[in-house]
Amino acid sequence: MVGIKDIAREAGVSIATVSNVLHGKRNMSDKTREKILAIAKELGYELPKIRIKEKSSENKTIVVNFSDFDTNFYLNILHGISDYAYSKDYDIMVCTSRNAEKYMSDAYSAGCINIDYRCEDSMLIKAAENNYPIIVLDREINHSGIKSVIVNNYDAEKEMVETLIKSGYERFAYLSGMDTDDNKERYRAFRDALSAYGITFHRRDYYEGNWREKSGTQAARLLMLSEHMPQVLVCANDMMAIGAMRKFKEAGLRVPEDIAVCGFDDAFVSKYMGLTTVEVPNYERGFLAAQSLVELIEGTGSYESLKIGARIKWRNSALVKTS
């Protein structure tokens with residue numbers, strides 16, 4: 001499949017220049033624009049519906065779509081977004097999927113940062129096709145007008161599970177979150193780590209959660225009623241892990257002596273709970289998302305995806321050998 005990288009290479013220009021041409025920006029010469037469009041047509045690239053327009057200098061508002069189920073998770077992301085946006089004299093409008101579609105247009109805003117898993121791909125693509133720049137932090141969408149700024153969940157999760165195995169853990173349970181790309185990537189890393197060490201994972205040891213603390217409590221209750229108590233419970237996020245830890249302790253189980261617990265995200269309370277987890281640089285994630293969006297709005301950015309790293313925070317909820 002031909003992409004903007006191929007067009008840029010053939011035209012001898014940057015990816016950002018190609019992206020700007022394909023989205024109707026006017027920050028290059030007519031000769032360059034015509035050359036890029038001709039090459040795109042020659043290579044068989046399906047051109048997006050281009051609507052040339054001059055963005056109003058008055059419109060300096062960014063829409064941030066985020067899920068309302070756990071506002072604490074988003075505080076650092078929003079902090080990073082606001083720090084960069086305000087430094088560039090942009091305002092922020094925060095909303096959820098219920099009213100996101102209305103405000104994702106140049107009548108209300110100059111661009112959007114999406115971290116609400118309930119905003120469907122089709123809705124985001126529809127907005128992007130109107131030459132409206134979008135950054136997504138929770139998924140990758142194969143569309144030339146949408147840029148992804150996402151976390152590399154896989155490497156840190158796989159390293160964490162492999163270290164648990166090397167430290168003597170053999171019986172694992174897994175508590176998943178909602179059906180998101182982040183959840184899928186974390187679970188894939190978990191399974192790949194077990195497979196690499198020849199450890200069989202049974203479906204009975206897979207529990208479904210919804211990211212909330214209460215679902216962690218429920219999973220712990222079910223786990224204690226089963227006949228297959230694991231040595232360690234790996235959770236797709238911290239809030240579920242914290243719910244499970246509290247339930248285990250309430251039932252008289254010791255963490256990590258009787259059962260170890262691990263999470264993902266490094267929520268604020270995790271440090272005080274002694275939870276082993278993966279730290280996601282959410283402030284930086286928000287800052288980079290805002291920077292990328294402003295660059296796209298102003299015609300200087302690229303729609304190429306950006307992936308940021310994460311690192312493990314070893315604490316007292318698991319007994320491991322890290323050296």
Side-chain angles (χ1 to χ4, degrees), residues 69-73 153 156-180 182-194 197 199-280 310-322:
F69 76 87
D70 182 7
T71 54
N72 288 331
F73 172 78
N153 298 276
E157 180 82 353
K158 190 168 186 284
E159 180 187 348
M160 181 172 68
V161 176
E162 287 179 341
T163 302
L164 290 168
I165 295 169
K166 292 174 184 177
S167 299
Y169 291 102
E170 297 178 342
R171 301 192 311 276
F172 287 78
Y174 188 85
L175 175 56
S176 76
M178 303 290 281
D179 188 24
T180 64
D182 283 338
N183 185 66
K184 292 174 183 176
E185 189 175 24
R186 292 169 194 178
Y187 182 57
R188 181 167 59 87
F190 169 82
R191 292 296 303 269
D192 286 352
L194 296 186
Y197 284 82
I199 297 176
T200 301
F201 183 73
H202 300 281
R203 180 66 189 182
R204 68 180 183 232
D205 297 318
Y206 179 89
Y207 296 84
E208 294 185 359
N210 63 2
W211 301 121
R212 300 174 186 262
E213 182 176 337
K214 187 175 181 180
S215 67
T217 302
Q218 178 65 16
R221 184 182 295 113
L222 293 173
L223 195 150
M224 289 186 291
L225 290 173
S226 75
E227 297 179 351
H228 306 281
M229 190 71 171
Q231 294 172 300
V232 56
L233 172 63
V234 176
C235 302
N237 84 332
D238 283 1
M239 296 314 297
M240 295 189 299
I242 288 167
M245 286 177 68
R246 286 175 171 160
K247 188 61 184 179
F248 289 143
K249 290 179 179 179
E250 180 185 303
L253 292 179
R254 299 169 302 162
V255 177
E257 291 83 0
D258 297 321
I259 182 168
V261 180
C262 299
F264 204 108
D265 289 333
D266 198 25
F268 177 76
V269 71
S270 300
K271 177 180 178 180
Y272 302 99
M273 292 289 292
L275 175 65
T276 287
T277 184
V278 174
E279 178 188 27
V280 175
R311 62 174 183 170
I312 304 167
K313 301 288 284 188
W314 295 108
R315 298 194 180 109
N316 298 332
S317 67
L319 297 171
V320 297
K321 304 169 185 176
T322 56

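Hydrogens, waters and symmetry mates play no part in the numbers below; they use all other heavy atoms, side chains included. Residue numbers start at 1 and run along the sequence shown.
Put simply, the side chain of Ser270 never gets that close to the backbone of Asp266: no donor and acceptor are under 3.5 Å apart. Of the possible polar contacts, none joining the Thr217 side chain to the Lys247 backbone as a donor-acceptor pair under 3.5 Å is found. The main-chain N or O of Arg212 is found under 3.5 Å from a side-chain atom of Asn210 such that the two form a donor-acceptor pair. Panel note: side chain Asp238, backbone Ala241; no donor-acceptor pair is recorded below 3.5 Å.
For the pair Asp205 and His202, the minimum side-chain heavy-atom distance is below 4.5 Å. Here the side chains of Leu223 and Leu233 are in contact, with some heavy-atom distance below 4.5 Å. Within the 4.5 Å cutoff, the side chain of Phe264 has heavy atoms near those of the Asn153 side chain. Considering only heavy atoms from C-beta on, Val269 comes within 4.5 Å of Ile242 through its side chain. Within the 4.5 Å cutoff, side-chain heavy atoms of Ile165 are placed close to those of Leu194. Using a 4.5 Å heavy-atom threshold, the side chains of Glu213 and Arg246 count as touching. At a threshold of 4.5 Å between non-hydrogen side-chain atoms, the residues Met224 and Phe248 count as touching.
In this structure, OG on Ser176 lies 7.5 Å from CH2 on Trp211, to the nearest 0.5 angstrom. The distance from the CD atom of Glu227 to the CZ atom of Arg204 is 9.5 Å, given to the nearest 0.5 Å. If you take CG on Asp265 and CZ on Arg186, they are separated by 5.0 Å, rounding to the nearest 0.5 Å. Here the straight-line distance linking atom CE of Met273 with atom CG of Asn316 works out to 11.5 Å at 0.5 Å rounding. Note that CG of Leu225 is 6.5 Å distant from CG of Leu222, once rounded to the nearest 0.5 Å. Atom CD1 of Ile259 is separated from atom CE of Met229 by 4.0 Å, given to the nearest 0.5 angstrom.
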>> As a quick check of understanding, evaluate side chain to side chain contact (heavy atoms under 4.5 Å, CB included) for Thr277 and Cys262, giving each step before the final call.
In response: CA-CA 5 Å; Thr277 184; Cys262 299; over 6 Å; no
> Can you check side chain to side chain contact (heavy atoms under 4.5 Å, CB included) on Glu170 and Tyr197, steps first, answer last?
Replying inline: CA-CA 10 Å; Glu170 297 178 342; Tyr197 284 82; over 6 Å; no
>> Could you go through Val278 and Arg311, starting from their C-alpha distance and side-chain angles, then the distance that decides it, and tell me whether this counts as side chain to side chain contact (heavy atoms under 4.5 Å, CB included)?
In response: CA-CA 5 Å; Val278 174; Arg311 62 174 183 170; over 6 Å; no
> ring-ring contact (aromatic ring centres under 6.0 Å, His included) between Tyr174 and Tyr207: does it pass, once the steps are laid out?
Replying inline: CA-CA 6 Å; Tyr174 188 85; Tyr207 296 84; over 10 Å; no
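With respect to the salt-bridge test (charged N to carboxylate O, under 4.0 angstrom), the residues Lys249 and Asp258 do not qualify. A salt bridge links Lys184 with Asp179; the closest basic N to acidic carboxylate O contact falls under 4.0 Å. Checked for salt-bridge contact, Arg188 and Glu157 miss the test: no charged N lies under 4.0 Å from a carboxylate O. Between Lys158 and Glu162 a salt bridge is recorded (basic side-chain N to carboxylate O distance below 4.0 Å). Residues Arg315 and Glu279 are not paired through a salt bridge, judged by the lack of any N-O separation under 4.0 Å between the basic side chain and the carboxylate.
Ring geometry for Phe172 versus Tyr169: interplanar angle over 60°, hence perpendicular rather than tilted (30 to 60°).
Across every non-hydrogen atom of Gly177 and Ala236, the tightest pair is N-CB, 3.6 Å. Scanning both residues, Met160 and Ile312, for their nearest heavy atoms gives N-CD1, 3.5 Å. Of all the heavy atoms in Leu175 and Glu208, the pair that sits closest is CD1-C, 3.9 Å.
Not counting sequence neighbours, Arg221 has no partner by the salt bridge (charged side-chain N to carboxylate O under 4.0 Å, His left out) test.
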